Amino acid sequence: MTLLNVLQFPDSKLRKKADPVSVVDDSVRKIVDDMFETMYHQGGVGLAAIQVNIQKRIIVMDVSENHSAPLCVINPEIISREGIQHEAEGCLSFPGVYETVERAAKIRLKALDRQGETFEMDAEGILAICIQHEMDHLQGILFVDHLSRLKQERAQKKLQKLKRRELT
Ligand code: GNR
Ligand code: NI
């Protein structure tokens with residue numbers, strides 16, 4: 001397995017759009033395994049391939065506390081959404097910044113699993129938030145894009161400040 005480099009804002013590669021996976025083969029499963037390793041290593045609950053400079057519609061997630069619920073979704077589509085929730089979000093590509101974002105409360109998802117089989121699932125709470133956050137990445141959208149201009153500026157300043165502190 002290989003740890004992948006996670007791109008950080010304002011890297012323009014985070015604005016690329018991911019292409020659907022045409023065949024789920026061993027090369028795709030290798031990407032999935034490396035993404036899980038990278039996500040767990042970074043302490044994240046989700047990771048989109050775009051964040052590791054791979055322009056494919058691949059997402060890994062695990063919202064459990066003990067790495068017991070790995071979930072891989074390929075070519076995801078949200079087929080229904082219901083309600084609204086507001087929760088603080090963070091992002092491995094925007095370290096140190098946490099802001100509240102509005103998301104659908106419940107979603108139904110259709111995707112391929114790591115065997116290339118189609119499945120559907122319902123999600124709510126943090127898992128529903130995570131899926132929506134990761135699916136945004138696949139379209140080049142970051143969670144800060146959902147914030148007001150004022151909060152976007154505040155987030156950028158905070159990130160710059162944290163980066164300056166890393167250098168000293
Ligand atoms: O690790 C992560 N935590 C998180 C917390 C609240 C809402 C969304 C997330 S996803 C984030 C990992 C990440 O950046 N995925 O793209
Ligand atoms: Ni993110």
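Keep in mind the model is a prediction, meaning the values are calculated, not measured. One-based numbering, in listed order, for ligands and for the atoms of each.
Those atoms of ligand 1 with a heavy atom of His137 less than 4.0 angstrom away are 16 (O). Under a 4.0 Å criterion applied to the non-hydrogen atoms of Cys91, ligand 1 contributes the atoms 14 (O).
Once rounded to the nearest 0.5 Å, the distance linking CD1 of Ile126 with CD of Glu87 reads 7.5 Å. Rounding to the nearest 0.5 angstrom, the gap separating the CG atom in Asp122 from the CD atom in Glu82 is 9.5 Å. Between atom CD of residue Glu99 and atom SG of residue Cys91 there is a gap of 13.0 Å, rounded to the nearest 0.5 Å.
Although no hydrogens or angles enter the test, the distance criterion places a donor-acceptor pair under 3.5 Å between the side chain of Ser93 and the main chain of Leu7. For the pair Asp136 (side chain) and Ile141 (backbone), a donor-acceptor distance under 3.5 Å is absent. For the pair Gln152 (side chain) and Leu147 (backbone), a donor-acceptor distance under 3.5 Å is present.
Listing protein N, O or S atoms at distances below 2.8 Å from the Ni ion (ligand 2), with waters left out, gives Cys91 SG, His133 NE2, His137 NE2.
The closest non-hydrogen atom to atom 9 (C) of ligand 1, taken over Gly44, Gly90, Ser93, comes from Gly90. In this structure, of Glu89, Glu134, Glu87, Met39, the residue bringing a heavy atom nearest to atom 10 (S) of ligand 1 is Glu134.
For ligand 1, the polar-atom distance check against Ala48 finds no nitrogen or oxygen pair separated by under 3.5 Å. Between Ile129 and ligand 1, no N or O atom pair is found at a separation short of 3.5 Å. Taking distance alone, with nitrogen or oxygen atoms compared against 3.5 Å, Leu92 approaches ligand 1 more closely than that limit.
From the protein, the heavy atom lying nearest to atom 3 (N) of ligand 1 is Val45 CG2, 3.3 Å. Given atom 12 (C) of ligand 1, the protein heavy atom at minimum distance is Gly46 O, 3.1 Å. The closest protein non-hydrogen atom to atom 8 (C) of ligand 1 is His133 ND1, 3.6 Å.
Counting heavy-atom neighbours within 6.0 Å of Glu120 CD, excluding the residue itself, gives a total above 12. Taking a 6.0 Å sphere around NZ of Lys163, one finds it holds more than 12 heavy atoms contributed by other residues, nucleotides or ligands.
The residues Asp33 and Lys30 are annotated as not salt-bridged, no charged nitrogen and carboxylate oxygen being separated by less than 4.0 angstrom.
Looking at every heavy atom in both residues, Ile50 comes nearest to Lys16 through CD1-O, 3.5 Å.
Partner of Val6 under the side-chain contact (heavy atoms from CB on, under 4.5 Å) criterion, out of Leu14, Asn53, Leu92: Leu92 alone.
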